[in-house]
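Below is one structure, written out as C-alpha cells, with a few remarks after it.
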Amino acid sequence: MRNLLCIGCTAAVLTIGGEAAAKVTEAEAARLVGDLTPVGAERAGNADGTIPAWTGGLSQPPQGWSRGQREINPFPDDQPLFTINAGNLDQYRDSLSGGHIAMFETYPDYTMPVYQSRRTAAYPEQVYDKLRQNALTAELLDNGNGVRNTIMTSPFPIPKNGLEVIWNHILRYRGEQISFRSASATPSVDGSFNPIVTEYDYFIAYSEPGAELADIDNKIFYLKTETISPPSLAGSITLVHETLDQIRSPRLAWRYDSGSRRLRRSPNLAYETDMPNSSSLRSVDQKDMYNGAPNQYEWNLLGKRELYVPYNAYELHSGNHGADDIIHAGHINQNLTRYERHRVWVVEAILRTGISHIYSRRMFYLDEDSWQVLMTEEYDNAGDLWRVSEAHNISFYSEPVFWTTLETTYDLKAKRYYIDGLNEGQAPFDFEPGFRSNEFTASAARRAARR
C-alpha cells in the first residue's frame, strides 16, 4: 500500500482475536491533550504543509448563519487548487484510494476538484471529556462483537486494531436526536431517475446526556424512517432498534408496507440484505458507510495514509442544486464536489471462512478527525473490485457534529449508482426535535402508520 504509515498503533497490520483488548494507560490517554487531538488525531499538520494543524475545528458557526437555517459555506471564496482528471491521474496516483483510481479508469470524464485542506471537524466539550474517559475504560467484548465501559461517543480514540477503529465509526457522536428529510435515487445508465423522499428520525440512546451503558438496554439508537413520496410508496415505515452487542441481542426491525397495511418484523434487515429502495445497488450494512455487527469479517488495521478525500461538502449540502443538477449519467456532478488532503485510517475487512456475504473483502478509509468513514471499496467473491462508496460530509452548526450530508455507492459492473442526501426543498437538519424513546416502539409505529 502506498504512503502507508502507522501512528498510534503497534504494528502495520493488527487483528483482534478472542480476548478483550486492553485499555490504554493514563500516560497514553494524556496524549489526547498533547500531541493528539481529543478525538485521537495527530494535532500537527504534515511535513509539507498540505494538511494543516488542528486548532479546534469549526466549533463556532460562521458569520451570516443563524439557528434554523441550512448550513452555509464557511469558505465561500475557496477555489480549487487543481483538478485531477484522466490526463494527469498518474501525477496524483499515490494520493488516491484504489476506488478513486478505478473511478477514473471506468469513467473517462470523471474529475476530482481539490481544495485547500481545512480540518473543520469539531464536537462539544462533553464529547471530548467522554472520549478521554472511554480511552481509559472501554474494552472490546470477546471476539469484538460489542464494547463495554463506554458511552456517548467513540470508545477507542487511541486504537490498537481494526475492530477498535470500526467501532469508533459505529459509535461516533452524531448528536442526541436528529430529524430530517432527504431524497435518494438509483439513476439508470443514461442518468434518468425517480427520486424517493424519506423522513429520518433518530433517538440516539447511547449519546443521551447522563446515559450510562447499564441504562440503555443494549441500544445504540432508535431509528424510524417513513417514505414521503412518490405516492405509490408513501406511508411505508421502517423501525430499527440498533443494539450494541448484536450477537447477544440482534438488531430489531419492523417494516410497515402501505400496500398490505401491516407492521411486520423484519429479521433479515441486516448484513448483505438489499437496502430498501436501492435497486439492489447497496446492502443494508452499507447505510452510513458501515453499520451493524462486525462479526462477519476479520478486521485488519493497515495504518494511515494521506489521501484526497471528500470533505466540507457545503455546496452539495446547500440546497441550491436540484437533483437534476447533481445526478449525471455514471456519477454525480463532480463540479459540485470538494476534495481535500487529509490523513485517514485504513482498515481492511476480510470475510471470515464459512460466512456468506456478497462482499468478500472491503476497504475502509476513516477520517482521523471524526472517525467518519469517508470512502469504501467493496470486492466481489471473485476478488474483483465491484463497488466504490463515498460520504460527502460537513460540520453542522446547531450541534457541532461532523456527519454525512450525501452518500453515493457506485457499481462499476452495472455502471449505475445509488445516491442519498438530495435535499433541495427540504428543511435543515433538526438536532432538537424533542423525541421521547417511547415514540420508537412497535406499537407507536403501528399507530403512526394508521394515521
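Any value given below was found using the heavy atoms of this structure, including those in side chains, with hydrogens, waters and symmetry copies removed.
- In this structure, Thr404 and Asn393 have side chains that are in contact, with non-hydrogen atoms separated by less than 4.5 Å.
- In this model, a donor atom of one side chain and an acceptor atom of the other lie less than 3.5 Å apart for Tyr271 and Asn295.
- Annotation: His100 is not in aromatic contact with Tyr308 [ring centroid separation under 6.0 Å not met].
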### Task
Assess whether salt bridge (Lys or Arg N to Asp or Glu O under 4.0 Å) is satisfied between Arg338 and Asp78, documenting all intermediate values.
CA-CA 10 Å; Arg338 176 173 177 139; Asp78 282 8; 2.9 Å; yes

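- In this structure, the side chains of Gln426 and Val197 come closer than 4.5 Å at one or more pairs of heavy atoms.
- Proximity of a side-chain donor or acceptor of Tyr202 to a complementary backbone N or O of Gly175 within less than 3.5 Å is not detected.
- Residues Ile326 and Glu424 have side chains not in contact (no heavy-atom distance under 4.5 Å, counting atoms from C-beta outward).
- Side-chain atoms of Gln177 come within 3.5 Å of backbone N or O of Gly434 as a donor-acceptor pair.
- At a threshold of 4.0 Å, the pair Glu26-Arg132 counts as salt-bridged, since one of the basic side-chain nitrogens sits closer than that to a carboxylate oxygen.
- A pairwise comparison of heavy atoms in Pro61 and Trp65 identifies CB-CE3, 3.4 Å as the closest pair.
- Among Trp371, Tyr365, Trp299, Phe156, the one residue that satisfies the ring pair (Phe, Tyr, Trp, His ring centres under 6.0 Å) test with Trp345 is Trp371.
- Between Ser97 atom OG and Met363 atom CE the span is 9.0 Å, to the nearest 0.5 Å.
- Using modelled atom types, no side-chain atom of His241 and backbone atom of Leu252 make a donor-acceptor pair closer than 3.5 Å.
- Counting heavy-atom neighbours within 6.0 Å of Gln69 CD, excluding the residue itself, gives a total above 12.
- At least one donor-acceptor pair closer than 3.5 Å links the side chain of Asn161 to the backbone N or O of Leu163.
- Looking at Gln372 and Tyr311, their side chains never bring a donor and an acceptor atom within 3.5 Å of each other.
- Residues His331 and Asp109 have side chains in contact (heavy-atom distance under 4.5 Å, counting atoms from C-beta outward).
- Counting all heavy atoms, side chain and backbone alike, Asn134 lies closest to Ser154 at ND2-O, 3.2 Å.
- The shortest heavy-atom contact between Pro230 and Ile196 is CD-CG1, 4.0 Å.
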### Candidate pair Gln286 and Tyr418, rule side chain to side chain contact (heavy atoms under 4.5 Å, CB included), full reasoning
CA-CA 11 Å; Gln286 287 180 271; Tyr418 169 89; over 6 Å; no

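- For the residue pair Tyr359/Gln296, the side-chain donor-acceptor check at 3.5 Å is not satisfied.
- The side-chain hydrogen bond (donor to acceptor under 3.5 Å, both in side chains) check on Arg362 picks up Asp285, Tyr297, with sequence neighbours excluded.
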### Task
List the steps and the verdict of side chain to side chain contact (heavy atoms under 4.5 Å, CB included) for Ile51 and Arg119.
CA-CA 8 Å; Ile51 298 174; Arg119 295 176 69 177; 4.1 Å; yes

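- Counting non-hydrogen atoms of neighbouring residues, nucleotides and ligands closer than 6.0 angstrom, the CD atom of Gln60 reaches no more than 12 such neighbours.
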### Message
Between Ile84 and Phe104, is the side chain to side chain contact (heavy atoms under 4.5 Å, CB included) condition met? List the steps.
### Response
CA-CA 9 Å; Ile84 305 174; Phe104 282 104; 3.5 Å; yes

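- One side chain, Tyr206 or Thr150, offers a donor N or O that lies under 3.5 Å from an acceptor on the other.
- Looking only at side-chain heavy atoms (C-beta outward), Ile178 and Phe396 stay at 4.5 Å or farther from each other.
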### Message
Assess the residue pair Ile170 and Glu242 against the criterion (side chain to side chain contact (heavy atoms under 4.5 Å, CB included)); give the C-alpha distance rounded to whole Å, side-chain angles, the decisive distance to 0.1 Å, and a yes or no.
### Response
CA-CA 11 Å; Ile170 293 170; Glu242 186 75 343; 5.6 Å; no

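- The backbone N or O of Met152 sits less than 3.5 Å from a side-chain atom of Ser207, completing a donor-acceptor pair.
- Of all non-hydrogen atoms in Asp201 and Phe440, the two that sit nearest each other are O-CE2, 3.5 Å.
- The residues Arg387 and Asp411 are annotated as salt-bridged, a charged nitrogen and a carboxylate oxygen being separated by less than 4.0 angstrom.
- Of all non-hydrogen atoms in Thr408 and Ile419, the two that sit nearest each other are CG2-CG1, 4.0 Å.
- In this model, a donor atom of one side chain and an acceptor atom of the other lie less than 3.5 Å apart for Glu390 and Tyr339.
- With no hydrogens or angles considered, a side-chain donor-acceptor pair links Ser95 and Arg341 at under 3.5 Å.
- Remark: Asp257 CG is packed, more than 12 non-hydrogen atoms of other residues, nucleotides or ligands lying under 6.0 Å away.
- Nearest heavy atom pair, residue Leu244 against residue Trp167, reads O-CH2, 3.2 Å.
- Contact of the Asn277 side chain with the Leu233 side chain is registered, since non-hydrogen atoms from C-beta on lie closer than 4.5 Å.
- At distances below 3.5 Å, not a single donor-acceptor pair connects side-chain atoms of Glu439 with backbone N or O atoms of Phe435.
- Side-chain contact annotation: Asp274 with Ser278, donor-acceptor N/O pair under 3.5 Å absent.
- Considering only heavy atoms from C-beta on, Pro113 comes within 4.5 Å of Thr337 through its side chain.
- Taking the side chain as every heavy atom from C-beta outward, Phe203 and Lys224 never approach each other to under 4.5 Å.
- The side-chain contact (heavy atoms from CB on, under 4.5 Å) search around Thr225 returns Thr198, Tyr200, Leu223, Thr238, not counting sequence neighbours.
- Judged by distance alone, the side chains of Asn423 and Ser182 never bring a donor and an acceptor atom under 3.5 Å apart.
- The pair Lys287-Asp420 counts as a salt bridge, with a side-chain nitrogen and a carboxylate oxygen less than 4.0 angstrom apart.
- Applying the side-chain contact (heavy atoms from CB on, under 4.5 Å) test between Arg446 and each of Ile237, Thr441, Leu263 identifies Leu263 as the sole match.
- Checked against the 6.0 Å centroid criterion, the rings of Phe75 and Tyr115 do not qualify as a close aromatic pair.
- Open room surrounds CZ on Arg262; 12 or fewer heavy atoms of other groups in view lie less than 6.0 Å from it.
- A donor-acceptor pair under 3.5 Å links the side-chain atoms of Thr137 to the main chain of Asn149, judged by distance alone.
- When atom types are taken as modelled, the side chain of Asn218 and the backbone of Asp245 share a donor-acceptor pair closer than 3.5 angstrom.
- Using modelled atom types, one side-chain atom of Glu368 and one backbone atom of Glu42 make a donor-acceptor pair closer than 3.5 Å.
- To the nearest 0.5 angstrom, Leu366 atom CG is 15.0 Å from Arg343 atom CZ.
- Taking NE2 of His317 as the start and CD of Glu71 as the end, the distance is 4.0 Å to the nearest 0.5 Å.
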